[in-house]
Amino acid sequence: MQTLEECEARLDAAEAALDSGAHPDIAAFSPTDGPNEPFPPALVDRTLALVKRGVELERRLAHDRDEVASELRRLPRARVRQRHAESHFELKA
């Protein structure tokens, strides 16, 4: 079924990006051809495996997000100095 193949390809791309630390532009998954009838028994196991992969990927992303948020909270905060619109130069002749 094409929808399962598209979902699997998207999961592969997302996992590869997470493993490599890359930031590719992965389009949101929107199936082009959803099932019009119940899945055939032969596809149920494959479908459940894809759902499990998706849930695990979400768990990994949430863990990484929480780790980054924790690291950001530990960084010292710097005050932003107001910059004046005019520049001051000292010229010597």
Side-chain angles (χ1 to χ4, degrees):
M1 177 175 278
Q2 182 180 353
T3 301
L4 293 180
E5 290 169 4
E6 290 172 4
C7 179
E8 189 169 30
R10 185 172 185 324
L11 286 172
D12 290 343
E15 285 177 336
L18 188 59
D19 290 341
S20 71
H23 302 285
D25 185 20
I26 301 174
F29 174 68
S30 54
T32 55
D33 183 27
N36 295 328
E37 55 191 47
F39 282 123
L43 295 179
V44 171
D45 289 340
R46 182 178 175 200
T47 303
L48 292 174
L50 291 175
V51 170
K52 186 176 178 180
R53 281 181 65 194
V55 169
E56 175 60 19
L57 184 60
E58 285 183 34
R59 188 200 61 75
R60 287 178 62 195
L61 287 169
H63 174 267
D64 286 0
R65 179 204 59 220
D66 293 344
E67 214 172 74
V68 168
S70 176
E71 289 175 19
L72 288 174
R73 281 191 292 274
R74 287 191 301 242
L75 289 175
R77 295 182 187 252
R79 290 184 179 236
V80 177
R81 294 175 21 188
Q82 296 292 329
R83 297 196 184 269
H84 296 285
E86 57 193 57
S87 296
H88 299 278
F89 294 101
E90 185 179 322
L91 298 175
K92 293 185 179 181

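Residue indices begin at 1 and follow the sequence shown.
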Atom pair CD (Glu6) and CG (Leu50), whose distance is rounded to the nearest 0.5 Å:
12.0 Å

For a side-chain contact (heavy atoms from CB on, under 4.5 Å) check, start with the C-alpha distance between Arg46 and Glu5, then their side-chain angles and the critical distance, and finish with the verdict.
CA-CA 10 Å; Arg46 182 178 175 200; Glu5 290 169 4; 3.5 Å; yes

Can you tell whether the side chains of Arg53 and Glu56 come within less than 4.0 Å, N to carboxylate O?
no

Polar side-chain atom of Ser20 near backbone of Ala16 as donor-acceptor pair, under 3.5 Å
yes

side-chain contact (heavy atoms from CB on, under 4.5 Å) evaluation trace for Leu72 with Val68:
CA-CA 6 Å; Leu72 288 174; Val68 168; 4.0 Å; yes

Going through the distances and angles, do Arg60 and Asp19 end up as a salt bridge (charged side-chain N to carboxylate O under 4.0 Å, His left out)?
CA-CA 10 Å; Arg60 287 178 62 195; Asp19 290 341; 2.5 Å; yes

Is there a path of hydrophobic side-chain contacts, each under 4.5 Å between heavy atoms of I, L, V, M, F, W or Y residues, that connects Leu18 with Val51?
no

Taking all atoms of both residues into account, what is the closest heavy-atom pair of Gly54 and Leu11, and its distance?
CA-CD2, 3.8 Å

